[in-house]
Colleague: 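Okay, handing you the structure first.
Source: prediction; values computed, not measured. Numbers restart at 1 for each chain; the letters A, B, ... are given by sequence-line order, proteins then strands.
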Protein chains: 2
Amino acid sequence: MSEQGSPQPEPRGRMSAQAVSRAIRDDVINGVHRPGQRLTEEAMAARYGVSRVPVREALRTLEAEGFLHSRPYAGIAVVELDDGEAEDLLEVRALLEPLGAARAALRRTPEQLGRLKELVALGQDAVAGDRLAEVARLNSRFHEVIAEASGSRTLTQLVTQLSQKIAWVYSVQLPRRAADSWSEHAEIVRALELGDEELARSLVARHIDRARSAYRRRTNVVYDS
Amino acid sequence: MSEQGSPQPEPRGRMSAQAVSRAIRDDVINGVHRPGQRLTEEAMAARYGVSRVPVREALRTLEAEGFLHSRPYAGIAVVELDDGEAEDLLEVRALLEPLGAARAALRRTPEQLGRLKELVALGQDAVAGDRLAEVARLNSRFHEVIAEASGSRTLTQLVTQLSQKIAWVYSVQLPRRAADSWSEHAEIVRALELGDEELARSLVARHIDRARSAYRRRTNVVYDS
DNA sequence: GGTGCGACGATTGTATTCAATCGAGGTGAG
DNA sequence: CTCACCTCGATTGAATACAATCGTCGCACC
């Protein structure tokens, strides 16, 4: 454990348990807390400027989401990523997201469509500006919003977990990025706007297939999703 | 909120946070806490014989798992099940579990095979003895063990969440049960023992399809999975 | 010199206490 | 009579304090 130079790395006012949860999750996804690293409650409390109680609640949440692992009295640590983990995540996503997209084409609200367009704009902007962490975050959010638009709470929850984990895997394992996927995102939004169920389904399926093969080649396209 | 006659309904010694989490989850699945019902921290603390702190941690865990829903200062309540929720769960499971079964056929250990055989025996016994809650629990466990045997942490986590939710949906919405599915379970175990990937995949796919159509007919087979 | 045992420090788990916020019920003015 | 406002009770959110447990280091003993 290295000494902590800065107690509050992001002093965005005093955080509550939910905010602590988000902050720790972001720090895990962005590699601030590395896989296998042990997270002591007191260190987290100091880091985020709260007491141990909200920290514990946040850690339980993240444990349930699969980012952390704990055993009684043995402490809590960041999950170690298996080699096959990334491929598993992409394979499962390849099963789930086309289904969600097809439903979203039928059920999306105008508000959701607007948010998606906004996300595409922000994403393309972040790509142009080379802001990697922001690209990853927007990517996850994009797929989460589509899942929400499917109207299925089950799909929403699962896709949200998956896309966050995928962003994590990418950021930890691959320090590169891709730009093209955001034009595919724009295509997907258009299909949703048209309400074309099968087009949305196939576009998302192809989109994710490309991400998978790009990942397999370990080259170029990353942060794709 | 009716008055609490019995402070500790299951006095299995003093519970810790993890045990409280399991206990509340079981009570939700078995309909003790009904959908929409608000769960105050103090009532839970009294019910399970601990203070509010471990209760809060358990509630955060269950919230992340999707059984409960909370908003700041608005309290925490059992999620209300949509009408389409059950079908969504079954549809997603129909996508995921055949994949898990195929992998399990290749990677299952002898220990896991033994546990599955034991579960089949226990399940058939519980069916014969008409112990509904136990049948549901064993059902979930059976599918969870197969997912574990797939060697994919992603699949394990998702299938575990799904099977528990499905047990919940069934127990809340349908007060009937089925016996036959356990003979199908036995068939699946045999395929895993043979190491036949495609047989395992197709048996699980058919198994879940039957559960889905049974559910749609709203008759006979329940607690099937 | 190696090994087993025991005490200490560190960390987690829980309880108690206090502060912040929300909603319901009452009260008074219009 | 209706509605706005305000006060109060209840509940959640957070901090502090205390107890239980684990790992490690050191020492005695074999």
Side-chain angles (χ1 to χ4, degrees), chain A residues 1-4 7-8 10-25 27-28 33-34 36-65 67-80, chain B residues 1-4 7-8 10-25 27-28 33-34 36-65 67-80:
Chain A
M1 51 187 79
S2 60
E3 303 185 15
Q4 301 260 134
Q8 58 273 23
E10 302 183 4
R12 354 165 173 168
R14 195 172 300 139
M15 299 173 135
S16 66
Q18 215 174 349
V20 171
S21 178
R22 270 197 300 274
I24 297 180
R25 181 175 25 238
D27 282 346
V28 169
H33 307 304
R34 308 289 289 276
Q37 181 177 344
R38 186 171 169 193
L39 304 181
T40 69
E41 299 175 357
E42 205 162 0
M44 295 300 103
R47 178 177 176 86
Y48 300 103
V50 293
S51 97
R52 279 179 49 213
V53 175
V55 167
R56 286 178 64 87
E57 295 179 17
L59 294 179
R60 293 292 172 235
T61 297
L62 296 175
E63 184 184 8
E65 292 176 358
F67 290 101
L68 308 178
H69 176 74
S70 82
R71 283 177 311 167
Y73 289 104
I76 203 160
V78 180
V79 163
E80 310 236 24
Chain B
M1 52 191 77
S2 60
E3 303 184 14
Q4 302 258 133
Q8 59 272 22
E10 301 184 5
R12 352 165 172 167
R14 194 173 301 138
M15 300 173 133
S16 65
Q18 214 175 349
V20 171
S21 178
R22 270 197 300 273
I24 297 181
R25 180 174 27 238
D27 282 346
V28 169
H33 307 306
R34 307 291 287 276
Q37 182 177 342
R38 185 171 169 194
L39 305 180
T40 69
E41 299 175 357
E42 205 163 359
M44 295 299 102
R47 179 177 174 85
Y48 301 103
V50 294
S51 100
R52 278 178 50 212
V53 175
V55 167
R56 285 177 64 88
E57 294 179 16
L59 294 179
R60 292 291 171 245
T61 297
L62 295 175
E63 185 184 8
E65 292 176 359
F67 290 100
L68 308 179
H69 176 74
S70 82
R71 282 176 313 166
Y73 290 103
I76 203 161
V78 180
V79 163
E80 310 237 23

Colleague: Reckon A:Ala17 touches a base, only the sugar-phosphate, or nothing at all at heavy-atom distances under 4.0 Å?
Modeller: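 The residue A:Ala17 makes sugar-phosphate contact but no base contact.
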Colleague: Counting neighbours of CD on B:Gln18 that are heavy atoms of other residues, nucleotides or ligands and sit closer than 6.0 Å, is the number greater than 12?
Modeller: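 At most 12 heavy atoms, drawn from other residues, nucleotides or ligands, come within 6.0 Å of this atom.
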Colleague: Of the nucleotides D:dT12, C:dA15, D:dT21, which one has an atom closest to the side chain of B:Tyr73?
Modeller: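 Closest nucleotide to the B:Tyr73 side chain: D:dT12.
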Colleague: In this structure, how many angstroms lie between the C1' atom of C:dG13 and the OH atom of B:Tyr48, rounded?
Modeller: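 In whole Å, C:dG13 C1' lies 20 Å from B:Tyr48 OH.
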Colleague: Tell me whether B:Arg60 is salt-bridged to B:Glu57, with the criterion being a basic N under 4.0 Å from an acidic carboxylate O.
Modeller: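 So B:Arg60 does not pair with B:Glu57 through a salt bridge.
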Colleague: A quick test of your reading: do over 12 heavy atoms of other residues, nucleotides or ligands sit less than 6.0 Å from CD of B:Glu42?
Modeller: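 No, the 6.0 Å shell around CD holds no more than 12 heavy atoms from other groups.
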Colleague: Separation of A:Leu59 atom CG from C:dT11 atom P, in whole Å?
Modeller: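 In whole Å, C:dT11 P lies 15 Å from A:Leu59 CG.
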Colleague: Quickly work out the A:Arg52 CZ to D:dG13 P distance and round it to whole Å.
Modeller: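 Rounding to the nearest Å, CZ of A:Arg52 and P of D:dG13 are 19 Å apart.
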Colleague: A:Ile76 and A:Ser70: which non-hydrogen atoms are nearest, and at how many Å?
Modeller: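 Result for this residue pair: CG1-CB, 3.5 Å.
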Colleague: Let me confirm one number: the CZ-OG distance from B:Arg56 to B:Ser51, rounded to the nearest 0.5 Å.
Modeller: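 Those atoms lie 10.5 Å apart.
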Colleague: For A:Ala74 and B:Val53, take the nucleotide of DNA chain D holding the closest heavy atom to each; which residue's nucleotide lies nearer the 5' end?
Modeller: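 This one resolves to B:Val53.
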Colleague: Quickly work out the B:Leu39 CG to D:dA10 P distance and round it to whole Å.
Modeller: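 Taking atom P of D:dA10 as the reference, CG of B:Leu39 is at 19 Å.
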Colleague: Tell me whether the side-chain N/O atoms of B:Arg56 come closer than 4.0 Å to OP1 or OP2 in D:dG13.
Modeller: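 Checking D:dG13 against B:Arg56, a side-chain N or O does come within under 4.0 Å of OP1 or OP2.
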Colleague: Looking at C:dG13, I'd like to know if its phosphate oxygens (OP1 or OP2) sit under 4.0 Å from a side-chain N or O belonging to A:Arg60.
Modeller: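 So the side chain of A:Arg60 is within the cut-off, an N or O lying under 4.0 Å from OP1 or OP2 of C:dG13.
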Colleague: Measure from the side-chain heavy atoms of B:Glu41 and tell me the nearest of C:dA15, D:dG13, D:dT21.
Modeller: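 Between C:dA15, D:dG13, D:dT21, the one nearest the side chain of B:Glu41 would be D:dG13.
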Colleague: Of the candidate nucleotides D:dT12, C:dG13, C:dA15, which contains the atom at the shortest distance from the side chain of B:Val50?
Modeller: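 Between D:dT12, C:dG13, C:dA15, the one nearest the side chain of B:Val50 would be C:dA15.
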Colleague: For A:Arg71 and A:Gln18, take the nucleotide of DNA chain D holding the closest heavy atom to each; which residue's nucleotide lies nearer the 5' end?
Modeller: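 By nearest-heavy-atom nucleotide position, the 5'-most residue is A:Gln18.
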Colleague: From CD of A:Glu57 over to C1' of C:dT12, roughly how many Å is that when rounded to an integer?
Modeller: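 For the pair A:Glu57 CD and C:dT12 C1', the rounded distance is 16 Å.
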Colleague: Output the rounded distance in Å from CD1 (B:Ile76) to P (C:dC22).
Modeller: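 That distance rounds to 17 Å.
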Colleague: Would you indicate which nucleotide in D:dA15, C:dT12, D:dT11 comes nearest to any side-chain atom of B:Arg38?
Modeller: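 Closest of the options to the side chain of B:Arg38: D:dT11.
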